[in-house]
Amino acid sequence: DEALGAGGRFRAMEDKDLIYRLVAAGRGGRYEPNARTVHEPWRDREKVLRLHFDYGLGCGVWIVKLFRIDRRRFRRAAKDLLWMWGVRDAYFYARHRIKFKTLVAVVRTAGMVVGMAWGAPYRVENGHIRLRR
C-alpha cells in the first residue's frame, strides 16, 4: 500500500501490511531466530521522538485499515500494537523509572491514537487506502 511507509502519507507500517497480505493470501513464511538487524544510532532525542510518533501514526492508520478489511485479525493486531507496543511499554518503563523510554512509548501511543483518528475518514479499496476521501 503506497500510502504506508517512509515517503507515504502515513509514514510507517508498510512492512506489517505486506506480511499481513502475504499471510492472508495463504503464503508461507519462516521464522529465523538467528536473523539480526543492527541500527546504528544517529538521531538525537528529538528526532527519535518524531520517529516514534510517526511509527505510531502509521500504526494507528493501519489498525483502522485492518478494522475495515479483517475484523478477526484487527482485534489481535489492536491488542498487540495498542496494548503491548503502547500502553504496556509505557507502564513498564515508567515503573522502572526509565524516563526517555517512557516518553518514547507515550509519544508512540499518542501517535497511534492520532493515526486512528486520521485514518478514520479514508476508505480501503482493493487492499489500498484510498487517499481521496
Side-chain angles (χ1 to χ4, degrees):
D1 190 336
E2 297 82 11
L4 300 171
R9 180 170 178 84
F10 302 119
R11 306 181 190 149
M13 294 301 283
E14 74 287 355
D15 49 354
K16 287 199 184 336
D17 187 59
L18 177 63
I19 291 167
Y20 163 79
R21 287 166 175 260
L22 290 170
V23 169
R27 301 294 177 138
R30 187 178 95 185
Y31 170 67
E32 178 51 63
N34 294 320
R36 299 285 183 257
T37 301
V38 177
H39 292 275
E40 296 295 331
W42 57 272
R43 294 175 176 92
D44 61 24
R45 286 177 174 238
E46 183 179 325
K47 288 179 180 159
V48 167
L49 290 174
R50 180 65 200 189
L51 176 69
H52 280 271
F53 182 82
D54 286 351
Y55 285 163
L57 187 76
C59 182
V61 171
W62 188 73
I63 287 170
V64 170
K65 176 182 176 177
L66 200 55
F67 176 80
R68 295 210 170 101
I69 61 177
D70 189 339
R71 298 273 171 101
R72 186 179 60 81
R73 287 198 171 107
F74 154 78
R75 285 190 286 278
R76 174 68 187 264
K79 177 187 172 208
D80 288 349
L81 295 168
L82 277 169
W83 174 250
M84 295 174 69
W85 199 44
V87 176
R88 190 187 71 172
D89 276 3
Y91 173 77
F92 174 84
Y93 292 127
R95 185 168 178 231
H96 290 88
R97 294 184 169 86
I98 306 171
K99 292 178 185 176
F100 188 67
K101 285 192 174 189
T102 301
L103 181 58
V104 166
V106 167
V107 165
R108 187 173 53 234
T109 305
M112 288 186 221
V113 172
V114 170
M116 287 186 290
W118 198 16
Y122 292 95
R123 293 193 325 253
V124 177
E125 293 178 359
N126 297 321
H128 294 266
I129 298 168
R130 183 180 167 136
L131 291 178
R132 287 181 227 93
R133 295 180 196 192

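Bear in mind that the values here come from a model prediction, so they are computed numbers and not experimental data.
- At distances below 3.5 Å, at least one donor-acceptor pair connects side-chain atoms of R68 with backbone N or O atoms of A120.
- Here CG of D54 is found 6.5 Å from CG of L51. Values are rounded to the nearest 0.5 Å.
- Side-chain contact between E14 and L18 is absent, with no heavy-atom pair separated by less than 4.5 Å.
- In this structure, I98 is not a member of the same hydrophobic cluster as V107, with clusters built from ILVMFWY side-chain heavy atoms closer than 4.5 Å.
- Within the 3.5 Å criterion, the main-chain N or O of H128 finds no donor-acceptor partner in the side chain of N126.
- Contact between G60 and M116 at its shortest, heavy atoms only, is O-CG, 3.3 Å.
- Distance CG/L131 to CD/E2: 9.0 Å, rounded to 0.5 Å.
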Exercise for the section: Any chance you could lay out the side chain to side chain contact (heavy atoms under 4.5 Å, CB included) test for R9 and V61, step after step, and finish with the verdict? Expected result: CA-CA 10 Å; R9 180 170 178 84; V61 171; over 6 Å; no
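- No more than 12 heavy atoms of other residues, nucleotides or ligands shown are found within 6.0 angstrom of CD on E46.
- Between D17 and R21, the closest side-chain pair of non-hydrogen atoms falls below 4.5 Å.
- Side-chain heavy atoms closer than 4.5 Å link hydrophobic residues (I, L, V, M, F, W, Y) into clusters, and following such links, even through other members, never connects V106 to V48.
- W62 has its side chain out of reach of I129: every pair of non-hydrogen atoms, C-beta onward, lies at least 4.5 Å apart.
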Problem - Full working for side chain to side chain contact (heavy atoms under 4.5 Å, CB included) between Y93 and L103 - result: CA-CA 9 Å; Y93 292 127; L103 181 58; over 6 Å; no
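- For the atom pair CD1 (I19) and CE (M13), the distance works out to 9.5 Å, reported to the nearest 0.5 Å.
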Donor-acceptor pairs are to be reported for all side-chain atoms of residues 76-92 against protein atoms at under 3.5 Å, with residues two or more places apart or in another chain.
| from | atom 1 | to | atom 2 | distance (Å) |
| --- | --- | --- | --- | --- |
| R76 | NE | D80 | OD1 | 3.3 |
| R76 | NE | D80 | OD2 | 3.0 |
| D89 | OD2 | R108 | NH2 | 3.2 |

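- Of the possible donor and acceptor atoms, none in the side chain of R27 sits under 3.5 Å from a partner among the backbone N and O of V23.
- Pairs passing the ring-ring contact (aromatic ring centres under 6.0 Å, His included) check and including a residue from residues 4-36, sequence neighbours excluded, read F10-W118, F10-Y122.
- Considering R132, K65, R130 in turn, R130 is the only one that fulfils the salt bridge (charged side-chain N to carboxylate O under 4.0 Å, His left out) rule with E125.
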